[in-house]
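Below is one structure, written out as structure tokens; the observations come after it.
Chain A is the first sequence line, chain B the second, and so forth, proteins listed ahead of strands; every chain is numbered from 1.
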Amino acid sequence: MPKEVITTRAKDYNQWYLDIVREADLAEVAEVVRGCIVFKPTGWAIWEMMQRALDDRIKETGHSNVQFPLLIPKSFIMKEAEHVDGFAPEVAEVTRAGGEDLTEPYVIRPTSETIIGHFYSKWIRSYRDLPLLYNQWCNVMRWEMRTRPFLRTSEFIWQEGHTAHVNEAEAEAETLKILHEVYADFAEQVMAVPVIRGLKTENEKFPGALRSYCIEAMMQDGRALQAGTSHNLGQNFAKAFEITYTDHNNTVQHAWTTSWGVSTRLIGALIMTHSDDEGLVIPPRLAPIQVVVVPIFKNDAEREKVMATVHALTSTWKGVLRFKIDDRDNLSPGFKFNEWEMKGVPVRIEVGPKDVEKGSVAIARRDIPGREGKSFVPQEGLTERIRDLLEAIQQALFERALRFREQHSADVQSYEELKVQVERGFARAYWAGSSADEKRIQEETRATIRCIPLDQPGTPGICVYTGKETTQQVIFARAY
RNA sequence: CGGGGCGUGGCUCAGUCUGGUAGAGCACCGCGUUUGGGACGCGGGGGUCGGGGGUUCGAAUCCCUCCGCCCCGACCA
């Protein structure tokens, strides 16, 4: 009899999410620090896997890691008009230190464009100093009204890339390169999360940016989650912080800058894309533990034989598979099966006395939970079989998520259809409305334009709201 | 910030209306039996009842006050 420790998705999707976070032992709400969480080993291990895969891609695309201060002089934040408006309400300030009031308060970084802008202006003199391609892994703080583990926390961990270029075309190329080669590639290839690449509308873009691009994913309740953003900042920050360079013709020019980030929110995307009512599901390429081996025995004699087989089977796995042998002797096998399923380990191998005799093992795949995903296979060729299975699971998860998104997306021709469709997923619509129209729709439907997809149909249509003819299609959805 | 709910062993909660020796289940510890889908028996430890003040012979329970957390709405990676 399974214990019901996880609320089903059908009953309460919100509660299900919180149950997964707790039961998979990913994180705990830090009730003593408003809006913050503690990452527990399982949650942090997933983040480390994400971090590694992203960091590799960031470096492959020519960037270097650096680290800037946590505190930013308050006046810096005030320098770029749109930026101030965007961030002022959610900034935490340090006004007192060393037992004295500070002459100028510091803000705890909500993002680092301003302090990095200050230093870039010192470091950049000539076009020969460009492009400047830096990234930092750090924590930032935004005082949010409502928080949820991973999806929205007051303090969060992310990477923020900051680059400077000689002209708009190079800045734009950088912005798009990150979007495609780093973020979308990581999301789809490693996380098995299909994403829509698009441009943000004026309402939704980063405060201070010229243009913001994003990858948007669909969660299992049909809502959208912005999984990453890449901004072409134009010359806005360069002008505010006087980031200038001398060009070939000995003329002083403002640089063009970009910034881009993904955060621990990706863990939320992971949970809400793949997991089920049995617990977390982690795609094999991301899983800190890909294979768990559960030995089964009744007495010391059996234990010895079983463990000998387990060690023989796993002897070649080091450096090939990320695995764990669960030889805890105070827990029943059934308990372990459920526990590892809860924690999302992609493949489980069971080795019992019968397997020792028959030269077999039981192999279970996490993407098909319970007994249905379990079968008995020969010990011979097990490593290859597992590697093939891991790859099959990776593909199956991506395809399942993609199918789900397609089934919950629809083209809408009228505002009435739009209202209905955003209740169940993404609504694709022709759009020629204004920012004010967009806000009105948000008030009426709670849905926003998630993005203007980079893939456009190319054929004209009628705007869902204004009735004007246009060639531009957008995605409406409710968002996290 | 508005509306609602809740603070009692580690966790989930009962007890509060109607004041009278702080309880249950799970978890934990010990011993024994178990182990192929969340094992069982016996024994055991553990609580300033969110904080402060008041009423009372007596307060988890009634009154005042402060604090915290969760949920639902308006803002956000």
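- Straight-line distance from the CG atom of Leu18(A) to the C1' atom of C70(B): 10 Å, rounded to whole Å.
- U34(B) and A14(B) have their C1' atoms separated by 33 Å, given to the nearest Å.
- Salt-bridge formation is detected for the pair Glu216(A)/Lys200(A): a Lys NZ or Arg NE/NH1/NH2 atom is positioned less than 4.0 Å from an Asp or Glu carboxylate oxygen.
- For the P atoms, the distance from U21(B) to U16(B) is 13 Å, rounded to whole Å.
- With rounding to whole Å, Lys298(A) atom NZ is found 13 Å from A39(B) atom C1'.
- Atom CD in Glu357(A) sits about 13 Å away from atom C1' in G36(B), given to the nearest Å.
- Nucleotides G10(B) and C49(B) place their C1' atoms 16 Å apart, quoted to the nearest Å.
- For the P atoms, the distance from C67(B) to A22(B) is 30 Å, rounded to whole Å.
- Using a 4.0 Å heavy-atom criterion, one finds that Tyr480(A) contacts no nucleic acid atom at all.
- For Phe335(A) and C40(B), the CZ to P distance is 12 Å, given to the nearest whole Å.
- Stacking is not found between Phe337(A) and the pyrimidine-like six-membered ring of the G38(B) base under the 5.5 Å centre-distance and 30° plane-angle cut-offs.
- Counting non-hydrogen atoms of other residues, nucleotides and ligands closer than 6.0 Å to NZ of Lys374(A) gives a total above 12.
- Each of Thr147(A) and Arg348(A) was matched to the nucleotide of RNA chain B holding its nearest heavy atom; the match closer to the 5' end belongs to Arg348(A).
- Among Leu280(A), Ile46(A), Ile282(A), the single residue meeting the side chain to side chain contact (heavy atoms under 4.5 Å, CB included) criterion with Ile271(A) is Leu280(A).
- Aromatic pair Trp260(A)/Tyr213(A): ring centres not closer than 6.0 Å.
- Note on Asn299(A): every side-chain N or O is 4.0 Å or more away from OP1 and OP2 of U34(B).
- A salt bridge between Asp437(A) and Arg440(A) is present, with a side-chain N of the basic residue lying under 4.0 Å from a carboxylate O of the acidic one.
- Distance noted for atom P between U56(B) and U61(B): 16 Å (whole Å).
- Atom P of U55(B) sits at a distance of 29 Å from the matching atom of G15(B), rounded to the whole Å.
- Across all strands shown, the partner of C26(B) is G10(B), judged by Watson-Crick or G-U wobble contacts whose two distances both fall under 3.5 Å.
- As judged by a 4.0 angstrom heavy-atom cut-off over every strand, Phe87(A) is placed among residues making no nucleic acid contact.
- What separates NZ of Lys354(A) from C1' of G36(B) is a distance of 6 Å, to the nearest Å.
- No close placement of the His63(A) and Tyr134(A) rings is indicated, their centers lying 6.0 Å or farther apart.
- Among the heavy atoms of the strands, none lies under 4.0 Å from Leu225(A).
- The nearest pair of heavy atoms linking Ile72(A) to Arg109(A) is CD1-CB, 3.6 Å.
- Looking at heavy-atom distances under 4.0 Å, Met342(A) makes contact with a base.
- Atom-to-atom, CG of Asp329(A) to C1' of A39(B) comes out at 15 Å; the value is rounded to the nearest Å.
- Using a 4.0 Å heavy-atom criterion, one finds that Ala362(A) contacts the bases of the nucleic acid, with or without backbone contacts as well.
- Annotation: proximity of residues 363-375 of chain A to RNA chain B (heavy atom, distance under 4.0 Å) is found for Gly370(A), Arg371(A), Lys374(A), numbered in ascending order.
- A sub-4.0 Å separation between OP1 or OP2 of G73(B) and a side-chain N or O of Arg446(A) is present.
- To the nearest whole angstrom, the two P atoms, one in A60(B) and one in G51(B), are 11 Å apart.
- Separation of the P atoms belonging to C29(B) and C75(B) is 49 Å when rounded to the nearest angstrom.
- Heavy-atom distances to RNA chain B give each of Pro353(A) and Thr229(A) a nearest nucleotide, and the one nearer the 5′ end belongs to Pro353(A).
- Contacts between residues 259-276 of chain A and RNA chain B, counted as heavy-atom distances below 4.0 Å, involve Ser263(A), Arg265(A).
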Inset, instruction - Quick one: do Arg211(A) and His231(A) satisfy side chain to side chain donor-acceptor pair (under 3.5 Å)? Show the steps, please. - result: CA-CA 6 Å; Arg211(A) 277 185 289 278; His231(A) 317 290; over 6 Å; no

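- Whole-Å rounding puts the Arg440(A) CZ to A74(B) C1' distance at 18 Å.
- One atom, CD of Gln442(A), and another, P of A74(B), lie 8 Å apart when rounded to the nearest Å.
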